[in-house]
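What follows is one structure encoded as structure tokens, with my remarks underneath.
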Amino acid sequence: MNPLVREPIDVSRLIASVSGPGFGASTTFVGSVRRAPEDGPVRAIDYSAYEEMAEAELCRVIAEAKERWPDVELVAQHRLGRVALGEASVAVVAGAPHRAQAFDACRYVMEGIKKRVPIWKKELFDDGEERWRDDEGGG
Amino acid sequence: MNPLVREPIDVSRLIASVSGPGFGASTTFVGSVRRAPEDGPVRAIDYSAYEEMAEAELCRVIAEAKERWPDVELVAQHRLGRVALGEASVAVVAGAPHRAQAFDACRYVMEGIKKRVPIWKKELFDDGEERWRDDEGGG
Amino acid sequence: MIRSQTGDIAVICRLFARYAEVVGREEVKIELPARATVGDAIARLRQVVPNGSQLPERPLVALNREHVLADHALADGDELALLPPLAGG
Amino acid sequence: MIRSQTGDIAVICRLFARYAEVVGREEVKIELPARATVGDAIARLRQVVPNGSQLPERPLVALNREHVLADHALADGDELALLPPLAGG
């Protein structure tokens, strides 16, 4: 499954893709474009990436998680381009025999995406203003 | 939303029910009936509960989580009755402004369900055998 | 003044899952002296129901739908539930 | 034997997001002496591109699509990327 997508993320499909008869647990993280009081009237976000590296780095993050939790299956997708308010910008699903692994691996991959995968966002506001946004503490 | 249900859990609907413009993060846990090598050929699980208490206790678990993470919104459902292999037996969704809260609150509720909510399961095997199952380390 | 040692309070015991199968009942009403504890009720129940001795001496218990410990005091009309090891999820 | 101080190796610098906007370029080829480091390349880049001084002196960097530190050595043909603070998710 392509990790960088320009169409809406189909979360149900991602969840289904890591389920199997031996998997009793799945943990799914979904990050969405939000309008927080402190952010002002955001209407969408434009995501861009250093695409070749973003794919490679996400692949490395997932490989590390699989080394650490070998029974876990993982899938992750990140949107690029224009993402409207409320739409998912990122989703990570971890399927596992047991819940602790599913939670830990899902979180590991999500932290890796935030800290290591070269993706940027520009917030688009109702009034037409645009602003590059660092993501301290965000979604 | 009723926390104890006898029909399939609609995970997408649960996720949608805790999303909102201020929520940039949601974490979803889904537990499913699994067929693990060590379990033998399970074909379904019959879930039963001390229903009045299960509802009350789940409500308390969620209230505790909301006290600890006030910005989080939570929803949880657990199946009762016959649940076939691969079907979801439990789902917990935490929506939050930020991802750490979403992960922590989702996990807190799921641990509470496993440790405190009076639900039992009887495994049904391919050969017609049935067995009450304690859930040490399970899904 | 002499008071009866039994029959001061009535408690509804509820049984679930494998415990209900063991004794063939889902509900048993028992009578106990005033100031009886949860532990006293379990001991009585194990005596009065068929196969009661196959129930554990210290099961997980809930009183009026909340988890409690065995030394918890009982009151007339209480609902006491014996909970097999939980297995939700 | 005297060797040229520049032009021994060529490195492609890639710029993204706000850094690309600052300098109005997404790609800049620079030449550097042998044994130059990532830090040397950044310093050169800040001199040669318009508004280069508005780029940070120590940005997050990736060499051939992997995160590296400023003391990392460069080789001819390397792809060096300057990464604004990451904001995925």
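This one's a predicted model, so the numbers in the text were calculated from it and none came from an experiment. To find a chain, count down the sequence lines: A is the first, B the second, and so on, and within it residues start at 1.
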message = Which one wins on heavy-atom pair count under 4.5 Å against chain D: A:Asp46, A:Val92, A:Val117?
response = A:Val117
query = Is it the side chain or the backbone of A:Tyr50 that comes within 4.5 Å of chain D heavy atoms, both, or neither?
reply = both
task = Please report the shortest heavy-atom distance between A:Ser89 and D:Gly89, naming the atom on each side.
result = OG-O, 3.3 Å
query = So do the side chains of A:Lys122 and D:Glu21 get within less than 4.5 Å of each other, counting heavy atoms only?
reply = yes
message = If the contact rule is any heavy atom under 4.5 Å from chain A, which residues of residues 59-79 of chain D qualify, in numerical order?
response = D:Ala62, D:Arg65, D:Glu66, D:His67, D:Glu79
query = For A:Glu52, does the CD atom sit with more than 12 other heavy atoms under 6.0 Å from it, leaving out its own atoms?
reply = yes
query = Under 3.5 Å, side chain of A:Trp120 to main-chain N/O of D:Phe16, donor-acceptor pair present?
reply = no
task = Step through the shown structure and confirm whether more than 12 heavy atoms of other residues, nucleotides or ligands are within 6.0 Å of CD on A:Glu67.
result = no
task = Side chain from CB out, backbone as N, CA, C, O: work out which of these in A:Ala88 comes under 4.5 Å of a heavy atom of chain D, or both, or neither.
result = neither
Smallest separation among heavy atoms of D:Leu86 and A:Arg116, with atom names = CD1-C, 3.5 Å
key: A:Lys121 side-chain N/O to D:Gly88 backbone N/O, donor-acceptor pair under 3.5 Å   = no
request  = Please indicate whether A:Arg13 has more than 12 foreign heavy atoms, meaning atoms of other residues, nucleotides or ligands, lying under 6.0 Å from its CZ.
outcome  = no
